[in-house]
Structures are given as structure tokens and as C-alpha cells.
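As C-alpha cells, the structure follows; a few thoughts come after it.
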Amino acid sequence: MNRRVRVRFAPSPTGPLHIGGVRTALYNYLFAKKHGGDMLLRIEDTDSARFVPGAEEYIVEALNWLGITIDEGVGATTAGNHAPYRQSERKAIYRKYVDKLLEAGLAYIAFDTPEQLDAKRAEIANFQYDAKTRGEMTNSLTLPAEEVISRIANGEQYVVRIKIEPNEEVKVQDLIRGEVVINSSVIDDKVLYKSSDQLPTYHMANVVDDYLMEISHVIRGEEWLPSAPLHVLLYRYLGWTDVMPQFAHLPLLLKPDGNGKLSKRDGDRLGFPVFPLNWKDPKTGETSSGYREAGYFPEAVVNFLSLLGWNSGTEQEIFSMQELVDLFSLDRVSKSGAKFDYEKGKWFNHKYLQNKSLEEIADQYQRILIEKDIVEDSEKVQHIVSLVRERSNFVNELWSQSSFFFVAPDSYDEKTVQKRWKAETPAQMEELISLLEGVVDFTAEKTEEVVKEWISAKEYNMGGIMNAFRLSVVGEPKGPHMFDIIAIIGKDETIKRLIKAIEVLG
RNA sequence: GGUCCAUUCGUCUAUCGGUUAGGACGCCAGGUUUUCAUCCUGGAAAGAGGGGUUCGACUCCCCUAUGGACUACCA
């Protein structure tokens, strides 16, 4: 069967989008675009208790920032003809299919309260609500029909459970892992629907929506692999096996150190963001840092994430979104979890900082300068950026590499003073001042020529002069070529800084 | 505990039975440089262990070990 590729990213609005979720969204997007298909965004808010205000908006904004565009669903520009795309708004739809299962005897009503179930679990080790145990529980299989009706009529809360037939090998074809087989006896009679909020649980809602929204491929995290057989069974119970989507379970993103799934705490602990955007928790007021605010380019984040669990098979490392789309393939997705290496993430941003146009970088840098009340024309800023960007990873690091172009040093690095400011230095700097005063054409080329001639004529030590010169102008032993620096700050400013250095350092 | 998934340099990975096991990040050394960086060159660094299958296994199979996920009226 050849049907249109339609994939969905289906997060739960329980908080900010985790970086692992971002990668899942990215892989879905790449797969969809590669095959000319549709990328949907569906909000899985069937757990009213865990709903967090602002989370949905955050998810849309994050995907938008990253360039992962949504064709259909929440946050899409066009309406889409499978609306609504929020599960909380689809209550009536699910009830119909729950009833269908009930009528077919493939599901049943259970009245056991959460407390009773907890008691059961405490009493029996490894208790599972299934074919072996449901006969001892309070449900429509053990109660007379009239009692079930009267209990419901009396307003008693209940859930609907799927009736799993034991001892069957359930096969799941996974596009990444191949065939996965699980015996149905180890699957419990999962709750599909709860009367308390009249909403289905994840499993039911997910299957019904994927069916109704004509999803062709379910690409999701590996944490869903254990419940995939249940989903296969649900498709079968509902009579949808012929249009069941194909599954692909992605490897997890792991902690950089130690073991386990990458979590919010790891970011706090190790000092890097695990969210795409800053997130302020509405309850605690606590803010978690995001890649955008940390100074990352969205392209760099996408590139970095794309390679955590997938590779092109070539030695190329830098990919545009379009290249990623062209090259992406599920059979090149790896099976094992990937430890999150933040250092490599920084390297990607470094690469993008070098490869982007000077105009774009200068434009971003100017915004930082304006915050510092520094206004310069863009041509000059571009020139400065061209001199210092190769030594930076982020636009916001540019300031520490180039502040001396805009403001004179207010102190001098002590170590350098001891090492580079000798007894004879002040006199030499005086000479340098009068030399520079005489230079008419104050370009990097000209000043370099004049100063070097003077140094060799006087038989001064090149390093001694230049380092003292740098100390006077920059205040620290850093920065680009000295003559490039003074050409930008100009003759007057250069001389002013030399005079001040002689004054202060003696 | 049970079920399932996984296992190549520290990390991300290439390899789809025959390779000096390749690349990248990071690390180290050297070079360039008036400084700090960058950059360039080079280097150290890997097939979890044990059995098979095979003329030949990193590659296929089994066992063990290790790691991970799941095991809710959460997703």
C-alpha cells in the first residue's frame, strides 16, 4: 500500500519541551519532508491533572525557532481537516470507539478504585490486572449486568480496560529495530478510558487519533517500545490493521556522565541547557535556561541534534536543514542511546558563527552593543567581527573579545605588566607616540611599516615593544593583530591610550 | 523482580564476513604568530567477556556481563 506520508509530533503540555523531544520532532519533520509528506502537531492533554499553562505555546514557539514547521494541527498556518488537534477537545470522538470495544467484548468496565488497586499491589508482588487476575476484581466480567448498570447509574466512577487474550505472540515491526515480539500474557489490561474526566488514556487516544488523522508513520522515543504491542492489539481490536502506521522507535538521549535518560537536573548540574528556550516554571517561578537564550543559532542546534542518533554515512558534519531533509533515512538511525556531549554542541555553534555572513553576525552583535549604549555604524562592526569571530563560539562572546575596540581599558593585567612593562618601556612608548603622530595615512599597512622600520632601526626587541604596545591599548595580552586594532580605533585614541598607560604604569 | 531494547576510541559515530577498524568532538605534542585565541600538522585512544558458525568474524547465532527503557485511572 502506498499512502501519503503523514507523521505527527505529539507532546504532552506538562512543561517545557525537552531537548530529546526536540530531536523526536526534528526526525519526524525530516522524514516527512524527505517524502513530501505532512508534519502534524497534536497536543496530548488527556491528563488534566498534569496540564501546565503556557507549555503548549512554548512548544509551538520552540519548533518555530528551530525551523521545524508544522503543516497541520496546533501551531499550523492552515486549518487542516482533521481538527481539533488537542485531545481534550476530542472527548466525544473517543467515547464512540470505547463503546465499540465494549460492545464487541474486547474491553470491559472496571470499578476497582485506585486505593483498592494499590492494596492489591501491596498484597501481591508483581500484581498485574490481566487474564489471570481480572476474575477476582470488581468489573463487568465478574458482576451481574444489572449491577454494572446500577453502579454506573448511581454515579460510581469506573474505567474501561482492554481485554487482553493471554499467550499470544504479538509482533511489532519496527523500522529501526526490526521485529519485536512480546507475549500478550505480560501485557496488562490497560486502562483505556476513565469516567472521572471522560477522557481516554494515552494508549486509546493515540491509536484513535493516529487512525483518524491518517498517520502513516509513528516515529517516537524508545520509551514507547514496551507499549507498542498493546497499540498493535488496539489497531486489531478496532479493525484498523490494514491502515496501522509503521513504527520507528528512536534511541534515547542519555546523560553525559553516568547513566540514564537526560533530564532537566543534568542541565542544571552540568551547566548546559536541556531546553530549546528559556522556561519559567509558573508554579515555582524558577527559570531553566534554553539554547536560544544561551546564544545558540537554531541551525546549530538542529545540526547537533540531527547527528545524535543518526548519520549520513559520509564524513560530512555540517548540514543545512535542506541537506538533512535530502539525506535523512530511518535506516541510518542508530539503535543505542546517545550520551549528550555538550562540548560538541559548542563546536557546532562555532562552525556556524564562522560560516554565516558578516552582515548577519554584525547585526546580532550590534543589538548587544546597543544594550551597552554603544552605537557604531554597521561597517565598522562588521570589520571588528571579521577580526574576532574566529576566536568565539557565540555572538555573545564577541564582546569579551572586542570590548577594547569600543572602550579604553580601565586596568592593566597584572601578570602582563610584570612580564612586559620594563624600566625602559615608558621611554620607548614615548618614542612610539611621536612616531605615530607623524603617520598621516593611519592604516594597518602603513603603521605596521613605520613601526617595524623604527624597531629595527633602533634595534629594539620586537616582542618587547609590541607586547607593551598591546598592553597599553588592550589592557590584556589578547586580541587580533595590533595594527588592525589601532587602524580601527584611530590615531587619536591610540595615542591617548599610550599616554594613559605611561601615566598609570610609570 | 518481570518484559523488552541495546553494547566499536572518554563522547557521537563509519564498517552491512576479508580494512593498517575511518571521521568528528575533546585531549596531548609540534608548527604559524608581537599576545590570547584561531588555524595547520601530528599523536594517544575502540570492537564487553565466553562459546559457536565459517577458509576467514567488529560484522551471523547462543550464553554471560553491563547499560537503558517500561512495568500508573502519566504521557
Side-chain angles (χ1 to χ4, degrees), chain A residues 10-14 44-47 49-50 110 112-114 117-118 121 125-126 128-129 157-161 172 174 176-177 180-183 185-188 190-197 199-203 205-206 220-229 249 251-252 254 256-261 304 307-318 331-332 334-348 350 354 388-392 401 413 416 419-420 448 451-452 455 461-471 474 476-483:
Chain A
S12 222
T14 54
E44 309 227 325
D45 53 351
T46 52
D47 185 1
R50 291 210 306 158
D112 318 87
T113 64
L117 290 170
D118 284 344
R121 289 188 189 102
N126 302 326
Q128 180 172 285
Y129 208 123
Q157 297 294 322
Y158 64 91
V159 297
V160 175
R161 287 180 180 272
V172 180
D174 186 278
I176 294 170
R177 287 147 215 286
V180 176
V181 184
I182 293 183
N183 190 291
S185 298
V186 303
I187 305 174
D188 61 337
K190 278 265 174 323
V191 171
L192 299 179
Y193 180 87
K194 40 217 157 98
S195 70
S196 57
D197 56 9
L199 277 168
T201 59
Y202 169 82
H203 306 289
N206 190 262
R220 74 227 301 193
E222 195 188 345
E223 68 268 28
W224 294 109
L225 192 53
S227 51
H249 290 92
L252 264 17
L254 273 16
D257 60 343
N259 305 305
K261 217 157 98 166
F304 174 43
L307 261 16
L308 246 33
W310 171 85
N311 77 87
S312 68
T314 69
E315 286 178 357
Q316 187 177 345
E317 299 271 345
I318 303 298
D331 26 74
R332 293 208 66 87
S334 50
K335 295 182 178 72
S336 49
K339 282 191 183 171
F340 193 79
D341 181 10
Y342 187 64
E343 286 303 319
K344 194 148 187 180
K346 286 199 277 195
W347 175 79
F348 276 107
H350 174 83
Q354 312 315 314
V388 300
R389 74 161 155 186
E390 65 183 22
R391 56 189 69 220
S392 305
Q401 298 294 345
D413 182 65
T416 314
K419 199 173 160 197
R420 307 292 194 185
E448 176 160 11
V451 171
K452 282 188 172 169
I455 290 173
N461 173 276
M462 172 81 94
I465 298 293
M466 291 310 297
N467 284 307
F469 190 14
R470 179 177 296 279
L471 179 65
V474 177
E476 285 174 80
K478 69 170 192 188
H481 197 56
M482 267 314 290
F483 300 103

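All chains are named by letter (A, B, ...) in the order of the sequence lines, taking the proteins before the strands, and each is independently numbered beginning at 1.
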- Item | Closest to side chain of A/Ser334, choosing from B/rU3, B/rC25, B/rU13 | B/rU13

- Query: Aromatic rings A/Tyr158 and A/Tyr193: how do their planes relate, parallel, tilted or perpendicular, breaks at 30° and 60°?
  - Reply: tilted

- Query: Whole-Å distance between B/rC5 P and A/Arg220 CZ?
  - Reply: 15 Å

- What string of B, S and - do you get for nucleotides 29-37 of chain B, 5' to 3', when a contact is any protein heavy atom under 4.0 Å? -----BBBB

- Query: What distance do A/Asp174 atom CG and A/Lys335 atom NZ have between them, rounded to the nearest 0.5 Å?
  - Reply: 9.5 Å

- Please step through side-chain hydrogen bond (donor to acceptor under 3.5 Å, both in side chains) for the pair A/Glu44 and A/Ser12, ending with a clear verdict. CA-CA 5 Å; A/Glu44 309 227 325; A/Ser12 222; over 6 Å; no

- Atom-to-atom span, CD of A/Gln316 to C1' of B/rC12 - whole angstrom: 16 Å

Measure all distances between protein nitrogen or oxygen atoms and nitrogen or oxygen atoms of nucleotides 63-67 of chain B, and list the pairs falling under 3.5 Å.
none

- Query: Measuring from A/Asp47:CG to A/Asp197:CG, what's the distance to the nearest 0.5 Å?
  - Reply: 8.0 Å

- When you compare B/rG68 with B/rA57, how far apart are their P atoms, in angstrom units rounded to a whole number? 32 Å

- Message: Strictly by Watson-Crick or wobble contacts shorter than 3.5 Å, is anything paired with B/rG47, and which nucleotide is it?
- Response: none

- Item | Assigned partner base of B/rG67, Watson-Crick or wobble definition, under 3.5 Å | B/rC5

- Message: Can you check the distance between B/rU19 and B/rC36, where both ends of the measurement are the C1' atom (answer in whole Å)?
- Response: 42 Å

- Query: Between A/Phe348 (CZ) and B/rA24 (C1'), how many Å, whole number?
  - Reply: 8 Å

Collect all protein-nucleotide pairs involving nucleotides 70-75 of chain B in which both atoms are nitrogen or oxygen and the distance is under 3.5 Å.
unit_1: B/rC73; atom_1: OP2; unit_2: A/Arg121; atom_2: NH2; d: 3.4
unit_1: B/rC73; atom_1: OP2; unit_2: A/Arg161; atom_2: NH2; d: 3.4
unit_1: B/rC73; atom_1: N4; unit_2: A/Asp112; atom_2: O; d: 2.9
unit_1: B/rC73; atom_1: N4; unit_2: A/Pro114; atom_2: N; d: 3.4
unit_1: B/rC74; atom_1: O2'; unit_2: A/Asp47; atom_2: OD2; d: 3.0
unit_1: B/rC74; atom_1: O2'; unit_2: A/Arg50; atom_2: NE; d: 3.2
unit_1: B/rC74; atom_1: O2'; unit_2: A/Arg50; atom_2: NH2; d: 3.2
unit_1: B/rC74; atom_1: O2; unit_2: A/Arg50; atom_2: NH2; d: 3.2
unit_1: B/rA75; atom_1: OP1; unit_2: A/Thr46; atom_2: OG1; d: 2.7
unit_1: B/rA75; atom_1: OP2; unit_2: A/Tyr202; atom_2: N; d: 3.1
unit_1: B/rA75; atom_1: O3'; unit_2: A/Glu44; atom_2: OE1; d: 3.2
unit_1: B/rA75; atom_1: O2'; unit_2: A/Ser12; atom_2: OG; d: 3.4

- Going from CG on A/Asn206 to CZ on A/Arg220, what distance comes out if it is rounded to the nearest 0.5 angstrom? 5.5 Å

- Task: Could you check which of B/rG26, B/rU7, B/rU3 has an atom nearest any side-chain atom of A/Ile182?
- Result: B/rU3

- Message: Using atom C1' in both nucleotides, what's the gap between B/rU20 and B/rA46 to the nearest angstrom?
- Response: 15 Å

- Query: Among the nucleotides B/rA6, B/rC25, B/rC12, which one has an atom lying closest to any side-chain atom of A/Lys335?
  - Reply: B/rA6

- Query: At under 4.0 Å between heavy atoms, what does A/Val388 touch on the DNA or RNA strands: base, sugar-phosphate, or nothing?
  - Reply: nothing

- Task: Could you measure between the two C1' atoms, the one in B/rG18 and the one in B/rU13, and give it in whole Å?
- Result: 23 Å

- Message: Under 4.0 Å, counting only non-hydrogen atoms across every strand here, what does A/Gly221 touch: a base, just sugar-phosphate, or nothing?
- Response: nothing

Collect all protein-nucleotide pairs involving nucleotides 19-23 of chain B in which both atoms are nitrogen or oxygen and the distance is under 3.5 Å.
unit_1: B/rG22; atom_1: O2'; unit_2: A/Glu315; atom_2: OE2; d: 2.9
unit_1: B/rG23; atom_1: O4'; unit_2: A/Glu315; atom_2: OE2; d: 3.1

- Message: Nearest whole Å is fine: how far is B/rU8 C1' from A/Asn311 CG?
- Response: 13 Å

- Using atom P of each nucleotide, how far apart are B/rU15 and B/rG22 to the nearest Å? 14 Å

- Message: Using a 4.0 Å heavy-atom cut-off, does A/Asn126 contact any base of the nucleic acid, only the sugar-phosphate backbone, or nothing at all?
- Response: base

- Could you pull out all residues at least two apart from A/Asn311 that satisfy side chain to side chain contact (heavy atoms under 4.5 Å, CB included)? A/Arg332

- Query: Under a 3.5 Å cut-off for both distances, is B/rC36 Watson-Crick or wobble paired, and to whom?
  - Reply: none

- Task: Could you tell me the separation between the CG atom of A/Asp188 and the CD atom of A/Gln128, rounded to the nearest 0.5 Å?
- Result: 4.5 Å

Could you write out each protein N or O paired with an N or O of nucleotides 58-62 of chain B at a distance under 3.5 Å?
none

- How close or far is atom C1' of B/rA6 from atom CD1 of A/Ile176, stated in whole angstroms? 13 Å

- B/rC60 - base-pair partner by Watson-Crick or wobble geometry, distances under 3.5 Å: B/rG52

- Message: Which nucleotide, if any, forms a Watson-Crick or G-U wobble pair with B/rG42, using both distances under 3.5 Å?
- Response: B/rC28

- Task: Answer whether the closest heavy-atom distance between the side chains of A/Asn467 and A/Pro477 falls below 4.5 Å.
- Result: no

- Query: OP1, OP2 of B/rC39 versus side-chain N and O of A/Arg389: anything below 4.0 Å?
  - Reply: no

- Item | Distance in Å, A/Glu476 CD paired with A/Arg470 CZ, rounded so as to fall on 0.5 Å steps | 11.0 Å

- Item | Spacing of the P atoms in B/rG47 and B/rC58 (rounded, Å) | 10 Å

- Relative to the 5' end of RNA chain B, which residue comes earlier, A/Arg332 or A/Gln354, by the nucleotide with the nearest heavy atom? A/Arg332

- Item | Aromatic ring proximity A/Tyr342/A/Phe304, centre distance under 6.0 Å | no

- P atom, B/rG42 versus B/rC25: distance in rounded Å? 14 Å

- Message: When the P atoms of B/rC61 and B/rA6 are compared, how many Å lie between them, rounded to an integer?
- Response: 10 Å

